Amino acid sequence: MNKLSNFRTQPAQPFFAQALLDWYPRHRRDLPWRHTQNPYAIWLSEIILQQTRVQQGLPYYERFLAAYPTVQDLANAPEQEVLRLWQGLGYYSRARNLRLTAQQVVNEYGGQFPGTYAELLKLRGVGPYTAAAIASFAFGERVAVLDGNVYRVLSRVFGITTDIALPAARKEFQQLADQLISYENPADYNQAIMEFGAIQCTPVNPDCLFCPVREQCFAFQHGMVQQLPVKSKAKAARTRYFHYFVLRHGEQVYLRRRGGKDIWHGLFDFHLLETPEAELPAKALLAELEQLGARVATDRVSEPAALMRHTLSHQKVEARFHELWLDAPLPAQALQSSGLEAYAAAQLDELPKPVIITNYLEQKSII
DNA sequence: TACCCGTGGTC
DNA sequence: TGACCAAGGGT
């Protein structure tokens, strides 16, 4: 517990809440999910916006609501279709959980979203932040949201130097946030503090000149705006080397659905051989083809592989695409063991794919 | 608890 | 170019 400001030892700060509630209507952006109290629409927007900028999530919100106007529509949708709509947003477990939760709401709650923070927390993909957001925005419950914006604003205004990257910081900040939230209008207060963090008290170059709480702000008064919040650095991303076998035969391309605990679960890519080093020896490539039962014209095997780099938040992927034209379709047994299936170009577009796969297919004019 | 899960924008 | 960051959650 790092207390730099005696300001925060007060039981509550009605001034702080009122300042934000005054600031909010004069600065708020006009966003579609701010025009509804429908819990389904609010839940959808909150899942989409997790670790995602408003400008990136906006078109997805519109598309999802158009494709699935009600929670029943979403519950009845095939997983592959939901993932395809989600394509390009990242963190694809959000999309799988989205559909599972829709089914949960239909089957266990009669199609009505639960109306309290505690019940909302039981839904898959709904954690403390999202439960508080839905409970306050849709049902007016007084529970404080705690997201990246709130961490930053509270850290600066109240001079809290606890490392916000540590899970233990959550307790301290949540306790403060719960004290500060307005009794009269918890929904607008929650919107206000996040919006304030997003457009005024920004990570870089915050607008302190026109800040309504700068006289009370610990960081501003002590020249520590650039130092707060304290956040330890993330672990460096590791590099992985992928060798994709783009197996082609006539109009067909072979892909398979990714599973397991690795990245891109539920999405489709090509047959993959991962190596500890960048290069794949020709011998290893031929051995892999042998195992697949793939018959490839030998003069095509040595063509240089296309290299594409793809950066994820926690790892770097260096992918080499080996385009291989088959003399004959893959034998049924190879399909069975590898999970590969042949798709025509028109079908490829319908499959949910990682961005790097879509980029490759587009570059090669396959889709 | 520590680590895992994507992508695009910004400086 | 690379590090940081964005309305977090699951395991």
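Here is how names work: the chains are called A, B, and so on, in the same order as the sequence lines, proteins then strands, and each is numbered from 1. Worth saying up front: this structure is predicted, and the values here are computed from it rather than measured.
- Proximity of Y92(A) to the phosphate of dT7(B): a side-chain N or O atom is located under 4.0 Å from OP1 or OP2.
- Cation-pi geometry between R142(A) and Y183(A) is met: the NZ or CZ atom falls under 6.0 Å from the ring centre, inside 45° of the normal.
- Judged purely by atom type and a 3.5 angstrom limit, Q174(A) uses its side chain to pair as donor or acceptor with the backbone of A144(A).
- Residue contacts shown for R152(A) are limited to sugar-phosphate atoms, with no base heavy atom under 4.0 Å away.
- Looking at E108(A) and K122(A), no side-chain N of the basic residue comes within less than 4.0 Å of a carboxylate O on the acidic one, giving no salt bridge.
- For DNA chain B, the residues of residues 46-82 of chain A within the heavy-atom distance limit of 4.0 Å (strictly under) are Q51(A), T52(A), R53(A), Q56(A), sorted by number.
- An OP1 or OP2 oxygen of dT11(C) is reached within less than 4.0 angstrom by a side-chain nitrogen or oxygen of R124(A).
- Listed candidates were dG8(B), dT1(B), dA7(C). Nearest to the side chain of A168(A) is dT1(B).
- Here D262(A) lies in heavy-atom contact (under 4.0 Å) with sugar-phosphate atoms only.
- Partners of N205(A) under the side-chain hydrogen bond (donor to acceptor under 3.5 Å, both in side chains) rule, at least two apart in sequence or in another chain, do not exist in this structure.
- Judged by distance alone, with hydrogens and angles left aside, S313(A) brings a side-chain donor or acceptor within reach of the base of dG6(B), the pair sitting under 3.5 Å.
- Taking a cutoff of 4.0 Å between a charged side-chain nitrogen and a carboxylate oxygen, R84(A) and E81(A) do not qualify as a salt bridge.
- Within 4.0 Å (heavy atoms only), S45(A) reaches no atom of the nucleic acid at all.
- Within the structure, every side-chain polar atom (N or O) of K231(A) is placed at least 4.0 Å from both OP1 and OP2 of dC4(C).
- Contact annotation for H310(A): backbone-only contact, meaning every heavy-atom pair under 4.0 Å involves sugar-phosphate atoms and none involves a base.
- When the side chains of ILVMFWY residues are joined at heavy-atom separations under 4.5 Å, either directly or via intervening members, Y91(A) and F268(A) end up in two distinct hydrophobic clusters.
- Distances shown here put every side-chain N or O of W43(A) at or beyond 4.0 Å from the OP1 or OP2 atom of dA7(C).
- For T202(A) (side chain) and I199(A) (main-chain N/O), no donor-acceptor pair under 3.5 Å exists by modelled atom type.
- Of the residues near DNA chain B, P354(A) and V204(A), the one whose nearest nucleotide (by heavy atom distance) lies more toward the 5' end is P354(A).
- Among the heavy atoms of the strands lying under 4.0 Å from A198(A) are primed sugar atoms or P, OP1, OP2 only; no base atom is included.
- If you check dC5(B), dA7(C), dG9(C) against the side chain of Y91(A), the one that comes closest is dC5(B).
- Look at Q87(A) and you won't find any side-chain N or O under 4.0 angstrom from OP1 or OP2 of dT7(B).
- Distances were taken from every side-chain heavy atom of I263(A) (C-beta onward) to each of dG10(C), dA6(C), dC5(B); the shortest belongs to dC5(B).
- Nucleotides dA7(C) and dC4(B), compared at atom P, are 24 Å apart to the nearest Å.
- Distances from the side chain of W264(A) to the nucleotides dT7(B), dC5(B), dG9(C) place dT7(B) closest.
- Residue contacts for V150(A): at a heavy-atom cut-off of 4.0 Å it reaches no nucleic acid atom on any strand shown.
- A salt bridge between D163(A) and K231(A) is absent, with no side-chain N of the basic residue lying under 4.0 Å from a carboxylate O of the acidic one.
- Mapped onto DNA chain B by nearest heavy atom, N359(A) and P167(A) fall at different nucleotides, with P167(A) at the one closer to the 5' end.
- For the pair R94(A) CZ and dT11(C) C1', the computed distance is 18 Å after rounding to whole Å.
- Taking only distance into account, the side chain of Y129(A) never meets the base of dG8(C) through a donor-acceptor pair shorter than 3.5 Å.
- Taking only side-chain nitrogens and oxygens, K261(A) never comes nearer than 4.0 Å to OP1 or OP2 of dC3(B).
- Hydrophobic cluster membership is shared by W43(A) and L31(A), with clusters built from Ile, Leu, Val, Met, Phe, Trp and Tyr side chains linked at under 4.5 angstrom.
- Applying the 4.0 Å criterion to OP1 and OP2 of dC4(B), one finds that H314(A) has every side-chain N and O outside that range.
- Using a 4.0 Å heavy-atom distance criterion, W33(A) is classed as a base contact.
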